[in-house]
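Read the structure below first, then the notes.
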Amino acid sequence: MLNRSIEEINHKISQGEARVFTAEEVTRMVSHGENPSASEIDVVTTGTCGIMSGTAALLHLKVDEPGSFKKAKKIYLNGVPGFPGPCPNEWLGSVDLIIYGTAHSIHDSDYGGGFLFKDMVAGKEIEIKVESTHGEIIESSTTLEEMGTARMIGTRMAFKNYTAFVNPDSKRVSSIFHAIDMEGPFQGLSFSGCGELNPLQNDPVMKTICMGSRILLNGSEGFIMDHGTRSTSKKPNLMLTADMHDMNSHYLGGFKTAAGPEVFDSVAIAIPITSQEVLEQTFIKNSDIKLPVADIKGRHLPLTETDYGKLWNGTESRPKYYPEKCINCATCLVKERCPTLAFNQGLNTKKCFGCGMCAYSCDQGTFEMKTGSVKLEIEKQIFDVPIACRQSDLKRAREITRDLTRRIEKGLFSIYKC
């Protein structure tokens with residue numbers, strides 16, 4: 001049985017000789033009847049993209065000249081509230097702060113921390129408003145490039161286990177787990193998770209994924225700080241960090257939900273193939289991964305289960321847009337509901353998340369997208385439920401996974417030894 005050290009793998013990477021495959025490529029080999037060997041594969045890359053509510057940013061930024069105010073009591077970036085401190089920076093004219101990806105703007109109910117982070121990483125000018133401890137109001141602006149520190153910390157990211165949601169009742173329910181108030185009974189299903197590509201599905205006991213492991217977080221090389229909050233052996237997740245200066249705005253952003261704006265991120269992690277046992281964990285298929293289905297009123301209300309094969313296989317990653325079919329409704333439900341603000345007099349494909357809300361909402365055929373449906377057996381009844389909202393983006397997950405693959409192949413990314 002082959003056993004290979006991390007040092008051997010890193011040497012092959014440094015020489016440009018590493019054989020790197022994505023988790024989906026490995027699964028495809030197995031599905032086609034092949035039996036991949038650890039002697040043929042050095043690294044398997046994995047990835048995920050989706051709403052990650054535990055996202056926050058630690059920032060240090062200049063507000064005004066030294067001596068202009070003693071210290072900040074409140075601070076807002078583009079109207080999104082942050083928390084000054086812990087360092088008071090007395091009389092320095094600068095502020096240390098933490099700001100949550102789930103924070104909501106005081107001016108715009110559709111704008112929040114996730115949208116702010118995307119604007120920052122895209123290099124846009126950010127408006128600052130500070131209320132000092134003496135009651136002064138100081139207003140200025142800045143950019144990410146001008147910030148001395150801008151570090152993202154995800155307290156709970158890349159979950160191995162997610163939950164899908166439906167509404168079994170006739171009354172609509174507002175939740176962060178759906179883009180709009182969820183209609184019922186059983187009129188749509190919302191879910192998260194990238195199935196067989198997801199990092200912790202490919203290393204479920206965290207044999208190679210550990211504290212200190214290098215990762216890509218929104219395109220920036222960072223590392224795993226620890227297990228995430230609420231992480232358990234059955235439902236693990238990760239605490240991650242990376243420098244926002246090196247991030248790619250394509251991989252992160254805001255996502256509107258019925259309960260207000262959230263934040264999405266993209267993560268890629270490399271699995272070093274140190275043995276056949278490690279490799280065989282990556283053989284997992286979407287159809288092997290069970291997904292609990294719960295009442296939208298809470299994860300503590302399980303109803304049944306499905307699997308990622310039924311939710312992802314045979315579906316499309318992006319909608320087709322037929323503007324000639326549009327009848328210019330007085331209220332455009334697509335514009336009103338689009339979680340990433342990708343539709344405004346046209347479809348912005350760069351902003352599109354592939355959630356499926358446009359095709360679900362427009363009854364004129366202006367948007368078409370194969371998101372599929374799933375049959376759920378609940379209390380001996382069968383319900384055929386359409387997929388209404390995907391809170392994970394498999395296309396972006398594949399892109400950041402390929403990004404990591406290229407870096408390894410070019411010798412630009414090494415593996416951390418657990």
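What you see is a predicted model; the values in this text were computed from it and never measured.
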Point to revise | Stepwise side chain to side chain contact (heavy atoms under 4.5 Å, CB included) check, H178 with M357 | key: CA-CA 10 Å; H178 196 44; M357 279 304 302; 4.3 Å; yes
Can you find a pair of side-chain heavy atoms, one from [X] and one from [Y], that are under 4.5 Å apart?
X: F413; Y: E221; value: yes
X: C332; Y: V334; value: yes
X: F191; Y: R390; value: yes
X: D181; Y: V173; value: no
X: I13; Y: I415; value: yes
X: K160; Y: P204; value: yes
X: S192; Y: F159; value: no
X: E146; Y: K62; value: no

Taking the side chain from [X] and the backbone from [Y], do they hold a donor-acceptor pair closer than 3.5 Å?
X: K118; Y: L252; result: yes
X: Q391; Y: I176; result: yes
X: R156; Y: N237; result: no
X: S132; Y: E136; result: yes
X: S140; Y: V63; result: yes
X: T22; Y: E25; result: yes
X: D42; Y: V20; result: no
X: R4; Y: A38; result: yes
X: N167; Y: M182; result: yes
X: H245; Y: S220; result: no

Does atom [atom1] of [X] have more than 12 heavy-atom neighbours from other groups under 6.0 Å away?
X: Q15; atom1: CD; answer: yes
X: K290; atom1: NZ; answer: yes
X: K325; atom1: NZ; answer: yes
X: H60; atom1: NE2; answer: yes
X: K124; atom1: NZ; answer: no

Point to revise | Aromatic contact, F223 with Y416 (centres under 6.0 Å) | key: no
**Study point:** Distance flag, aromatic centroids of F177 and F165, threshold under 6.0 Å
**Key:** yes
Distance-minimising heavy-atom pair for [X] and [Y]:
X: I400; Y: S266; value: CD1-O, 3.6 Å
X: L197; Y: E24; value: CD1-CG, 4.0 Å
X: V80; Y: A103; value: CG1-CB, 3.6 Å
X: G193; Y: S392; value: N-OG, 2.7 Å
X: F264; Y: Y251; value: CE1-O, 3.6 Å
X: K207; Y: D203; value: N-OD1, 2.8 Å

Does a donor on one side chain and an acceptor on the other come within less than 3.5 Å for [X] and [Y]?
X: R151; Y: T241; answer: yes
X: T163; Y: R299; answer: no
X: T102; Y: S53; answer: no

Practice item. Evaluate side chain to side chain contact (heavy atoms under 4.5 Å, CB included) for L217 paired with M247, printing each intermediate quantity in order. Key: CA-CA 7 Å; L217 174 55; M247 290 184 180; 4.0 Å; yes
Would you compute the distance between atom [atom1] of [X] and atom [atom2] of [Y] and round it to the nearest 0.5 angstrom?
X: M369; Y: T315; atom1: CE; atom2: OG1; value: 7.0 Å
X: R337; Y: C355; atom1: CZ; atom2: SG; value: 11.0 Å
X: L279; Y: I41; atom1: CG; atom2: CD1; value: 5.0 Å
X: L61; Y: M120; atom1: CG; atom2: CE; value: 8.0 Å
X: T149; Y: L59; atom1: OG1; atom2: CG; value: 8.5 Å
X: L394; Y: E316; atom1: CG; atom2: CD; value: 13.0 Å

Practice item. Carefully, step by step, assess R396 and H250 under the rule side chain to side chain contact (heavy atoms under 4.5 Å, CB included). Key: CA-CA 8 Å; R396 276 185 174 85; H250 173 67; 3.7 Å; yes
Practice item. Mind running side chain to side chain contact (heavy atoms under 4.5 Å, CB included) on D265 and L240 for me, showing each step along the way? Key: CA-CA 11 Å; D265 300 286; L240 310 177; over 6 Å; no
Salt-bridged, [X] to [Y], with N to O below 4.0 Å?
X: E8; Y: K12; answer: no
X: K297; Y: D295; answer: yes
X: K417; Y: E7; answer: yes
X: D393; Y: R318; answer: yes

Practice item. Going by the side chain to side chain contact (heavy atoms under 4.5 Å, CB included) test, name the single residue among T55, T48, I224 that passes it with M157. Key: T55
Practice item. With side chain to side chain donor-acceptor pair (under 3.5 Å) as the test, would you mind laying out the steps for S287 and D307 before giving the verdict? Key: CA-CA 6 Å; S287 57; D307 63 68; 5.6 Å; no
Review point. Would you call the rings of F353 and F255 parallel, tilted or perpendicular, where under 30° means parallel and over 60° means perpendicular?
Key: perpendicular
Exercise for review: Would you please classify the geometry between the F115 ring and the Y111 ring as parallel, tilted or perpendicular, with 30° and 60° separating the classes?
Suggested key: parallel
Exercise for review: Evaluate the side chain to side chain donor-acceptor pair (under 3.5 Å) criterion for residues N202 and T46: first the C-alpha distance (whole Å), next the side-chain angles of each, then the deciding distance (0.1 Å), finally the verdict.
Suggested key: CA-CA 8 Å; N202 289 275; T46 65; 5.4 Å; no
Review point. Cys pair C418/C210: SG distance under 2.5 Å?
Key: yes
